[in-house]
Each structure stands twice: as structure tokens, then as C-alpha cells.
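Note on naming: letters A, B, ... go to the chains in the order of the sequence lines (proteins, then strands), and numbering restarts at 1 for each one. What's counted below: heavy atoms across the whole structure, side chains too, no hydrogens, waters or symmetry copies.
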Amino acid sequence: MSIFVDRETKLVVQGITGRDGSFHTRQMMEYGTQVVAGVTPGKGGRRFEDAVPIFDTVADAVAETGADTSVIYVPPAFAIGAMFEAADAGVKLIVCITEGLAVIDMTKVLPFLQERGVRLIGPNCPGIISPGQSKVGIIPGNICAPGNIGLVSRSGTLTYEVVDQLTRHGLGQSTCVGIGGDPLIGTNFIDCLEAFENDPDTTGIVMLGEIGGTDEQQAAEYVRNHLTKPVVGFIAGQTAPPGRRMGHAGAIISGSSGTAAEKMAAFEDAGIGVMKRPVEVVDLLKARM
Amino acid sequence: MSIFVDRETKLVVQGITGRDGSFHTRQMMEYGTQVVAGVTPGKGGRRFEDAVPIFDTVADAVAETGADTSVIYVPPAFAIGAMFEAADAGVKLIVCITEGLAVIDMTKVLPFLQERGVRLIGPNCPGIISPGQSKVGIIPGNICAPGNIGLVSRSGTLTYEVVDQLTRHGLGQSTCVGIGGDPLIGTNFIDCLEAFENDPDTTGIVMLGEIGGTDEQQAAEYVRNHLTKPVVGFIAGQTAPPGRRMGHAGAIISGSSGTAAEKMAAFEDAGIGVMKRPVEVVDLLKARM
Amino acid sequence: MNIHEYQARELFRQAGIPVPDGEVATTPAEVEEIARRLGGGVVVKAQVHAGGRGKAGGVKLAQSPEEARAAAEQILQLTIKDLPVQKVLVAPIVDIASESYLGMIMDRESQRPVIMVSPAGGIDIEEVAATTPEKIFKLAIDPRYGLLSHQAMGLAFALYHDVKQVRAAARIMEQLYQAFVTNGASLAEINPLITTSAGEVLAIDAKMSLDDNVVDRRPDLEALRDESAEAPSEVLAREAGLTFIKLDGNVGCVVNGAGLAMATMDLVKYYGGEPANFLDIGGSSNPEKVVSALRIITMDPNIKAILFNIFGGITRTDDVANGIVAALDQFSVDVPIVIRLTGTNEDEALAILEGVGKTALKDMDEAVQQVVRVAQEAA
Amino acid sequence: MNIHEYQARELFRQAGIPVPDGEVATTPAEVEEIARRLGGGVVVKAQVHAGGRGKAGGVKLAQSPEEARAAAEQILQLTIKDLPVQKVLVAPIVDIASESYLGMIMDRESQRPVIMVSPAGGIDIEEVAATTPEKIFKLAIDPRYGLLSHQAMGLAFALYHDVKQVRAAARIMEQLYQAFVTNGASLAEINPLITTSAGEVLAIDAKMSLDDNVVDRRPDLEALRDESAEAPSEVLAREAGLTFIKLDGNVGCVVNGAGLAMATMDLVKYYGGEPANFLDIGGSSNPEKVVSALRIITMDPNIKAILFNIFGGITRTDDVANGIVAALDQFSVDVPIVIRLTGTNEDEALAILEGVGKTALKDMDEAVQQVVRVAQEAA
């Protein structure tokens with residue numbers, strides 16, 4: 001088992017003919033992901049790599065192929081529109097890799113997705129992989145292995161670092177989700193924690209957080225109240241320079257400055273094993289499982 | 001029994017201190033409507049007629065008095081805002097008497113109300129009365145009488161004309177609803193037909209339509225398929241000059257020119273008794289009950 | 001409120017829609033000058049609030065300034081659907097590779113603006129809608145989100161294959177939506193939306209109807225009103241806050257409420273009379289409106305009798321009675337007046353009328369029968 | 001991106017918010033001239049990207065042009081939180097009857113813009129938030145509908161009793177929301193929002209932070225960037241498309257991804273080193289970015305060693321290797337470079353590095369230990 005994507009996932013790639021889109025589509029196909037369609041306006045009717053049909057619109061792609069998941073590699077100027085389009089076409093999961101989106105535009109997209117019951121992962125994220133089943137996004141498949149650890153992370157490359165540690169030490173993964181580092185994201189830590197808790201094949205969970213915001217504190221609270229499975233966590237930015245203050249309002253709204261120390265303390269309080277270095281993930285997990 | 005309003009209805013009047021608002025509030029109070037609050041920004045803390053507390057906002061009025069229904073008498077420039085405010089404050093029924101609202105603004109209000117499960121009657125309507133119980137709006141109470149006829153109308157004064165006929169001939173009313181003549185309205189014929197059908201105290205129904213649009217045709221279709229109670233109807237505008245054509249698009253979208261003849265034919269086809277003159281309502285109804 | 005093509009073009013341009021150059025003129029001499037300035041062939045188009053201008057001879061092509069002048073001379077003498085042509089638009093002839101239809105309307109059923117496109121554009125679009133509705137593509141726009149780019153692209157793919165044209169058409173749709181919302185339109189049409197042989201996408205015709213309630217609060221839109229295209233009595237009525245449409249009969253009608261006004265006209269006809277007008281004095285009437293109403297109705301020399309049919313709700317019948325008294329005080333009315341008056345404050349109203357020796361009926365059917373009778377007697 | 005008060009004032013004015021007159025100046029002479037032009041007393045305010053200006057002596061009142069000049073002389077010599085004051089705003093002194101707080105922020109939790117008001121405005125608003133949070137009123141704005149008038153009115157009633165002031169404040173809130181949305185703000189503040197003794201409601205201070213992703217696509221906003229307030233190396237980095245923050249250590253770090261970059265710095269510190277910078281070369285790196293990164297890092301004379309920590313995903317490690325080779329070809333790097341490289345195309349990358357006699361490690365922990373060691377040896 002796994003969360004959000006599995007071997008049944010039928011993927012449409014938005015921006016399949018672009019530089020990043022074509023490169024990673026090949027990687028996803030090699031990994032075994034069911035890439036059933038691609039979309040590039042104006043290139044409808046062609047095929048990608050002589051195999052995957054390309055459509056002008058996501059609606060056409062869904063109608064013809066039954067795609068249920070979309071991954072977005074289009075440039076930032078088109079990524080907001082791409083999310084609206086995918087949700088309107090009826091996919092149930094959208095993974096937006098594109099970075100550089102305006103937060104104010106995200107405030108419009110998110111309720112549109114919620115109204116339609118569509119899950120978004122990202123934007124500005126590395127995507128999701130259920131090792132051995134399906135890879136949607138850019139997480140390198142070769143560093144992952146099937147297994148029972150669920151991983152959720154705000155970071156991209158730090159995720160690879162930790163997954164690599166897990167795999168090298170025999171801890172395969174049920175699913176790894178990169179939720180993205182933007183202020184407004186579709187799927188947060190708690191969504192993933194809940195899904196991992198309900199996934200019978202996940203026996204341990206890794207959370208990778210960062211300074212800024214209070215998502216990790218809320219996630220810690222959720223772990224304390226709802227999780228039965230062991231969780232270990234890391235917060236990047238312990239030595240980061242004091243971030244640019246967001247004026248009075250920032251302090252007022254968060255009631256917190258979002259420092260690493262504060263988040264690590266919240267993890268400790270919730271019984272989450274706190275990693276000081278990425279390499280510690282394996283020992284901490286093994287000690288708790 | 002009755003539909004939408006009854007003796008339990010607790011009313012807040014938006015614009016209670018204005019010329020129209022104050023006049024009709026007095027009339028509603030005399031009729032026995034439970035007017036529990038009024039709203040005029042800046043006049044919070046005072047009382048209307050030494051009796052009804054006035055608040056600065058509808059939220060305050062609802063919190064303090066438990067009002068569940070709002071009636072709006074504010075000028076057109078404020079009426080759209082008044083509907084948003086009432087819905088946000090948690091009332092379940094809004095009756096908007098104000099006319100002169102921009103249709104484009106209505107397109108924004110209607111989904112806001114739908115999201116909150118709030119019923120709107122109007123705008124640009126005479127309101128609703130359940131004789132002997134509650135009057136919300138401007139329908140003259142003295143022409144109505146309690147009874148078993150449900151009446152729904154797109155018109156204002158034509159409604160009074162017909163109600164007056166009913167009452168003078170001993171046919172009291174369960175509820176009379178003036179749904180308003182604007183292109184976009186909150187409650188339509190079908191909503192009222194459905195409610196009358198489900199109201200055990202309604203035994204006969206009168207529909208008063210007009211030229212323009214296709215609401216009457218759809219209502220006729222609904223009567224044919226869903227109603228067991230007798231229905232009679234009238235269409236105003238049999239001799240009206242050909243309306244200004246709405247260009248190609250009008251014909252395309254409606255697939256119909258919305259003439260009186262067409263609507264009367266739809267009524268006939270659905271088994272609705274068609275009145276040629278307002279006075280015929282009584283005989284037609286009696287023949288069917 | 002309907003506006004002229006040249007005005008709709010300007011609103012479209014403000015929204016960024018590509019519209020070819022063009023100027024409006026009222027004389028053949030101006031037209032010649034404009035044609036010379038534009039250079040090349042031009043099209044001269046009658047500016048009247050009526051469809052079917054082409055079939056009525058209101059649209060002519062001209063290859064030279066002199067031909068343009070001659071065309072304007074003919075067109076400016078036309079009367080199309082009772083409307084005399086007073087203005088023409090002069091625009092360059094554009095080389096047309098394909099014609100599509102693009103329209104937007106406020107739709108009662110979905111309670112949203114609906115956008116419609118068809119690859120089969122041009123003058124026969126109504127025929128297309130009637131016989132091959134599958135060639136018309138429609139979409140209801142959620143006003144909370146506006147017309148989204150993928151929606152516009154999806155519709156544009158129904159018109160074109162070339163992705164540059166698709167993007168251009170999608171952009172025009174988004175701009176049309178902006179023009180529609182910003183100006184409170186009930187209708188906006190581009191027919192035809194064309195492609196040139198060079199591949200450009202352009203709006204060749206422009207039609208727009210505006211919501212009167214928006215026009216009322218927007219002086220810039222109010223300025224687009226062409227009073228020369230209206231009957232003088234209708235202009236007066238609007239200025240007085242009345243809804244008035246002149247008809248050909250001899251029974252003047254003053255009624256409160258549009259529905260009752262129409263039902264009154266229907267009943268006049270039912271009893272063998274002919275209504276001279278539709279007139280709704282509106283909800284919150286005041287005596288001054290009643291004075292204006294009587295003044296406007298009596299401008300019509302065909303009038304043989306006048307019927308007041310007032311059922312007071314928000315309208316106070318005493319206001320109406322006071323208005324009648326004030327009017328009779330200010331000017332003489334030479335035809336009989338039948339007054340039917342009931343509802344809010346009717347006792348006060350009857351007292352006021354009695355004060356000047358007038359009586360009023362309470363029953364509509366009776367009042368209409370009476371006014372038809374006196375009108376026939378006077379005729 | 002933070003902008004200065006005088007720039008935020010201008011964006012507020014464009015949205016219609018009533019802001020007193022005021023001009024920006026860089027010399028005491030200019031300040032004297034502006035004060036003379038404005039007449040009456042003025043306030044001279046340091047324009048730096050830092051809070052607490054008042055407490056740092058950066059805000060002074062002056063009753064005459066001469067006093068204004070003297071105040072400017074003092075303020076323009078200040079350094080507030082490491083930032084030298086280069087500009088001052090000169091604005092008339094306004095007679096203040098009451099001070100409130102009005103702010104708007106993009107809120108992660110509700111995923112909406114949140115508006116906040118407090119009748120207890122002024123410099124101690126943070127104190128108010130901490131000790132009497134019930135005096136702060138907040139509302140999350142649904143972006144599908146915007147800030148609705150009744151919502152603004154409801155908040156304004158928390159500030160004022162006089163309905164004219166309530167309406168004025170509500171209008172300012174709606175205008176602030178427009179300014180927030182139109183300019184892609186992450187924060188917008190008016191503190192204080194004041195009433196004058198004549199009853200007017202005015203914005204006296206203005207603060208705004210903009211979303212960098214919006215600034216990137218809006219030349220008008222990009223023009224508001226004050227590069228004189230930034231370290232030159234940070235300006236260079238931004239122009240090269242890199243995210244770079246200079247620090248005080250001696251281990252230069254070039255990393256792909258912000259999270260890994262921070263974790264790398266954390267690990268440098270863990271092993272006893274001090275990072276010299278935060279540097280994220282971003283996702284879709286190309287060799288040119290790597291060249292720029294090395295050029296910028298080596299501008300820092302404190303650097304004793306450089307660590308590349310690259311875990312390829314969307315970043316191709318061969319691109320990075322090519323960038324290192326190109327950089328070493330273009331300029332000499334005098335400190336040791338430790339390269340850690342794994343992930344996408346790592347075999348190609350290793351081959352490229354071998355071609356110029358470089359090796360790379362695969363393990364992050366090992367690489368960090370090594371770079372800390374060589375930096376300490378060099379120090």
C-alpha cells in the first residue's frame with residue numbers, strides 16, 4: 001500500500017514537451033509510472049516518444065485516457081492556469097512541480113480545488129513517489145526502495161538526502177511526499193500524517209521541516225493527539241540568519257517567530273524523535289520501531 | 001401551515017430608519033410580524049418606535065435577538081452589500097424589496113448565498129406573506145386572508161389584484177410569494193411550487209407570470225411532472241409590444257422568444273388552468289379543487 | 001440600453017480587443033474625408049439600434065472616397081425597422097479568411113454570464129443555432145473566478161487549429177468578459193470574429209446592450225445614450241423616472257408596477273379597446289411623477305381617455321391622488337379620466353379626490369370596461 | 001521584497017487611501033526646501049528597511065524649515081540596525097485625535113489574506129497583541145469575493161463610533177485590500193491610522209512587503225527595489241537568479257535547494273565550522289549559474305574553503321560539474337573546493353570533473369566534515 005499514488009495511478013503530464021517536462025516524463029516512464037497522456041496546447045494529436053498521446057487540453061486528455069492524476073511542469077506564468085484546468089477536467093490529484101508562483105494567485109486556486117474535492121501537492125515541490133509503484137514528479141527513483149517508511153517534507157533535495165540514507169540502510173519507503181516550501185500549499189504535514197496513519201503498510205514516519213510558519217508545531221500537536229506510529233523529524237535552518245521580519249503583523253498572526261529551536265521543542269514535546277543531522281534518521285527510526 | 005415564513009419567523013429589518021423601511025416596518029408590526037431587530041449603521045443602541053432595538057450591523061442584531069429572517073429596504077447602492085451582510089450574519093431567509101440592482105452584482109451574491117444555504121426572495125419584489133401569521137415585505141395585509149391557496153408571482157401589484165380577488169371570494173391564502181421581476185432572482189417558480197406541494201395546508205396554487213425568459217415554461221414542465229395539487233396561471237403582457245430584441249445571443253440562449261402566447265400554451269399543455277383576465281382566478285380555481 | 005456599434009467598438013478597444021480603425025460620421029462629406037484618411041477600400045455601416053442592417057441596405061463597400069460618399073448618401077436616407085439612419089461608421093475593408101461568432105449574454109437559467117462561440121459565424125448565426133446547434137459551444141462563467149484561461153482556450157480550440165490563433169481568440173474572450181463585467185452588459189457580441197489571411201484574429205462587428213441599472217450610476221455609460229434614436233416622449237419619461245413605451249391605441253394607461261401595467265393593457269384589449277402606451281410609475285411613487293406621467297400621456301393626440309389603475313402597496317394611493325390634483329391644477333386635460341385606486345392609504349386618497357370633485361372605482365375589471373367605453377364614445 | 005515607507009505611501013495613494021502630502025529627499029538642503037514648500041511643522045522620517053526607527057532617533061519633528069534641515073542632518077548620519085540612512089521622508093505634522101492599527105497579511109493557516117485592526121494603534125501594537133489580544137480584531141478574506149463592505153464596516157465599528165469615521169475607515173480597508181491584491185503584497189500596514197480633531201481618517205505610516213514572485217513579473221514594482229540598501233554581492237546574486245545571503249563564517253556553501261542549503265549550514269556548524277553564506281542555486285540549474293555562484297562566493301575575503309553540496313533531482317549534476325569546470329577556466333579560485341555530488345546524471349558529472357583532475361564525494365556528512373577540516377587548516 002501507499003498514499004495518494006500507486007500502481008493504478010493514471011498520469012497526465014501538463015507541459016510534456018517542455019525541457020523539464022520531457023526529461024522527467026521519460027524518467028517517470030522508465031520508473032514504471034503509467035503516463036497515459038500529455039498536454040501541450042497546439043501539439044494535440046502527436047505522440048511523446050512515439051508512445052504517449054498528446055492533447056491540446058487536459059479535458060481532452062482525461063476524456064480519452066481516463067487520467068486521474070496530473071503533474072505540472074509548465075512555466076510559472078501558466079502554472080496557475082494549469083491547476084485550474086486540471087481540476088476542471090476532473091483529475092483527483094494534481095502535483096505542481098513549478099516554482100515561482102505568486103501567493104495571491106494561489107489564494108484563488110485553492111478554493112477552486114476544494115470545491116471540487118481535488119488534492120494538490122505543491123506547488124514548488126519535488127512531487128511524490130510510492131517506490132516500486134509510481135513516481136509523479138522529480139524525486140530520483142533510484143534512491144528510493146519499496147518498504148514501510150512514510151516520508152513527508154517541505155524541502156526538495158533535503159528529502160533526497162534523507163531518502164537516500166533510509167534506502168542505503170535497508171529502510172524502504174511506502175510513499176515519499178514533497179509538499180513544497182511555499183507559504184500556501186495544497187497538502188500539508190497533517191494531511192500526510194493522517195494518510196500514513198491510515199495506511200497499513202506504513203510503520204514509521206519521517207517529517208522534514210524548515211524554519212518559518214507554524215506548520216510543524218501544528219503537525220506535532222496532531223502527532224501527539226492522533227498518531228500511533230513512530231515519527232522522527234528534522235528542522236532545517238538551525239543556524240539560518242534571522243529571517244526578514246514580516247513587520248508587526250507577522251508576529252501578531254503567527255504568535256510565533258517560527259524558529260528551528262521552537263519547532264524542535266514542539267517535536268520533542270510531542271514525542272517525535274528529533275534528528276540533529278540527516279544521517280541520524282536511520283538510528284532514530286530503528287530505535288522506535 | 002405555510003411556506004418560508006410563519007408565526008415563528010423572527011425578522012430583522014435592514015434600513016429600518018429609512019422612508020420606506022420605517023413605513024413598512026410599522027405595517028409589518030401592526031400585522032403581527034415578529035420584528036425583533038432593525039439595522040441602520042450609526043444608529044445602533046436606539047429603538048424604533050420605542051420598541052424594536054436598532055443595531056449597527058446585522059451580525060449584532062442576530063447575535064442579540066436570534067433573528068432568522070431579514071428584509072431589505074436600503075437604497076440600491078447598498079442593497080447588494082446588505083444581502084452579503086445578512087447571509088454572513090447567519091439568517092436563513094432574506095427578502096430583498098429594493099429595486100434597481102445591477103444584474104452583474106447579483107451574479108456575485110447568489111453563489112455566496114448558496115454556499116451558506118440561505119434562501120433569497122427577490123430582489124425587486126413585494127415580499128412574502130403568510131396571512132394571519134407573518135408579513136415580510138410590502139404586500140398589503142388587509143387584502144389577504146388565511147386559507148389554503150398558495151400564490152407565487154413575478155409581479156408586485158398584479159399580485160395584490162389577484163389576492164384581492166381570492167380574498168373577496170372567500171379563498172384565503174396559505175402563503176403569497178412575490179418572487180420579483182428581475183432577470184436574476186433568488187427564489188423561482190419551481191422553488192415555490194415544490195414548497196406548496198409539500199405544504200399540507202395548501203390545496204390550490206396560483207402562478208402569475210410575465211413575458212420574457214422561460215421560467216414559466218420550466219415551471220409548467222415541473223407542474224406536469226411533480227405536482228398533484230391544482231394550479232391556475234396568468235401571463236401578463238399578451239398585448240405588450242414586441243420587446244427589444246436581445247440580439248442573436250438572446251434567441252440562441254433561450255431557444256425561445258418568451259412570448260405570452262408561448263407561455264400560455266405551455267401552461268395549457270401542463271394542465272394548468274389559464275386565466276384570461278385576473279378576475280377569472282376564482283372560478284378557475286374552484287372548478288379544479 | 002442598446003448602444004451603437006461604434007460605441008461598442010470603443011468599449012471593446014478599452015478592454016484591449018483588437019478592432020480595426022474606424023470613425024463615425026453624420027454627413028456624406030465627412031464620410032468621404034474619413035475614407036480618404038483611412039486609404040484603400042472602406043465599409044460604410046448604418047448605426048441604428050436594429051439588426052439585419054446588411055439585408056436592409058445599411059452596409060456598403062466602397063473602393064474610393066467618392067464611392068464612400070455615394071454609399072453614405074444612400075445609407076443616411078434609409079429608415080431601418082422604423083429607425084432613421086443618422087450616423088454611419090466608416091472602417092477599412094479587412095481581408096477575411098474565416099468568420100466565427102463570439103457572444104456573451106447574462107443567462108437567467110444558470111444565473112451567470114454565458115459565453116458562446118461558433119466556427120460558423122457571420123450573418124446566418126441564428127440559422128446555425130436553429131439547424132445545427134452542435135456548432136454552437138457554450139460555457140457558463142462562474143463570476144467568483146471569472147473566465148479562466150483554460151476555459152477560453154478550450155472554446156478557442158473549437159474555432160481554430162493554429163495555436164497562435166487559439167491563444168489570440170482566448171485572449172479576446174477574456175477581454176470581452178472584462179468589457180462585459182466592467183460595463184454591466186446584458187449582451188456583448190462579436191459577429192464576425194475573423195481571421196485575416198495573414199493569420200490575425202480581429203473583431204469586425206461589435207454589439208452591446210447594457211443593464212439600465214448600471215447605466216444609471218455610471219455617467220460615462222449614460223453619455224452613450226442616443227436620444228435622437230428614441231421617441232421624445234420616451235426621453236421625457238425616462239428623465240421623470242417613469243418606464244414608458246408609446247403604442248398606437250387611444251386609451252392612455254397610468255399604472256403602478258410593470259406586471260399590473262401589462263395586465264391592464266391586456267384587459268383594455270380584451271374589452272375591445274387599444275392601449276395608447278405602457279406606463280409604469282414605479283414603486284415609491286411621489287406626486288411629481290404622477291404629474292409627469294399625465295403630461296407625457298396627454299402629449300399624444302390620439303388619446304381619447306385615460307385610465308389610472310393603482311393598487312397601493314409600497315405606492316401610497318394618497319400620493320397618486322395628490323399627483324392627479326396637482327396635475328389638473330397645472331394644466332388642463334381634455335379627455336375623460338377613469339381612476340381606479342385601492343390599497344395603501346386609499347381612504348385618504350378618496351378624500352383628496354373628492355376634494356376636487358373626482359371619484360374613483362375600486363375594481364379593475366369595472367374600471368377598464370368603463371374607460372374603453374368612454375374612449376369609444378369619444379372616438 | 002520590502003519597500004520604503006515613501007514607496008508604500010505612493011501605492012496606497014494609487015489605491016485611493018488618504019495619505020498626507022510628503023516628499024522624499026536625500027540631502028538636508030532638499031529637506032529644508034520641501035519643509036518650506038509644505039509650510040508649518042513637518043516630520044522627518046528615516047527611510048530604511050527596519051522597524052523601530054522612532055526609538056533609534058530616525059523620526060524627528062521640526063517646526064521650521066531650518067529645524068527640518070537640522071533634523072535631516074542628524075538622521076542622514078544614522079545607521080539603524082546596520083542600515084545606513086540614505087533617504088528621508090518629509091511630511092506635514094498632522095494633528096492626531098486617535099491612533100488605530102490597520103494591517104493585512106497573507107496568512108498561511110487560513111490560506112487567505114487576513115485583515116487586522118486594533119483601536120490601540122501606534123508604536124506599541126506588538127505589546128497590545130501580546131498582552132491584550134482581545135483588542136486585536138481579525139478577519140480572513142475570501143479571495144473569491146474580496147473584502148466585502150459589511151466586513152469592513154464591522155471591523156471599522158471596532159475602531160470608531162462616529163458613523164462617518166466608520167465609513168471612512170471601511171473604505172480605507174477596502175482600498176488597502178485592493179492595494180494588497182493588485183501589488184501581490186505579503187504584508188501591508190497602516191500604523192497608525194489616525195483621526196484628526198476635525199474628524200478626518202488618515203493613514204500616517206505605510207509599510208508594505210511584496211511577493212518576490214510578483215515583483216519578478218512587474219517592472220513597475222521591480223523599479224521600487226532599493227539596491228543601495230543591499231549588500232553588492234546579494235544584488236549580483238539576484239541578477240544571476242541565485243538566492244544568496246551573506247554571513248560571517250569562512251566556509252562558502254553552494255547547494256541546490258533551500259532546505260538542503262540550510263541543512264548543510266547546520267551541519268557545518270555541527271562539525272565546528274562557520275558557514276560564510278546561504279546560497280541556493282535553485283532547481284533547473286544551468287552551468288552559468290554555477291559560474292556566477294563561485295564568482296560571488298569568492299568575492300568574500302573571509303572564505304577559507306568552499307563546499308558544493310548537490311543532490312541532483314531536477315538539477316542535473318552534470319550541469320553543475322560543467323559549471324565548476326567553466327568557472328575554473330574563467331578565473332582562479334584560491335581556496336580548496338570540496339565537492340559532494342550525487343543524483344541525476346552523476347556518472348556524467350564525475351567523468352566531467354575527472355577530466356579536469358577533480359574528484360567528488362558522495363556522502364554529505366563526510367563532505368561537510370572534510371570542508372570544515374580544510375577551512376580550519378587554512379585559517
Do the rings of C:Tyr145 and A:Phe112 sit parallel, tilted or perpendicular, given the 30° and 60° boundaries? perpendicular
With rounding to the nearest 0.5 angstrom, report the CG to NE2 distance, A:Asp56 to C:His150. 14.5 Å
When rounded to the nearest 0.5 angstrom, what is the spacing between OG1 in A:Thr57 and CG in C:Leu155? 11.0 Å
A:Pro41 side chain near C:Arg167 side chain, heavy-atom distance below 4.5 Å: yes
Can you give me the closest heavy-atom contact between C:Ser149 and A:Gly81, atom names plus distance? OG-CA, 4.0 Å
Does C:Arg225 have more than 12 heavy atoms from other residues, nucleotides or ligands lying within 6.0 Å of its CZ? yes
Which distance, rounded to the nearest 0.5 Å, do you find between the CE of C:Met153 and the CD of A:Glu85? 8.0 Å
Verify side-chain contact (heavy atoms from CB on, under 4.5 Å) between A:Lys108 and C:Arg144, making sure each step is shown before the conclusion. CA-CA 9 Å; A:Lys108 297 260 174 70; C:Arg144 300 173 305 166; over 6 Å; no
Within a reach of under 6.0 Å around NZ of A:Lys92, are more than 12 heavy atoms found that belong to other residues, nucleotides or ligands? yes
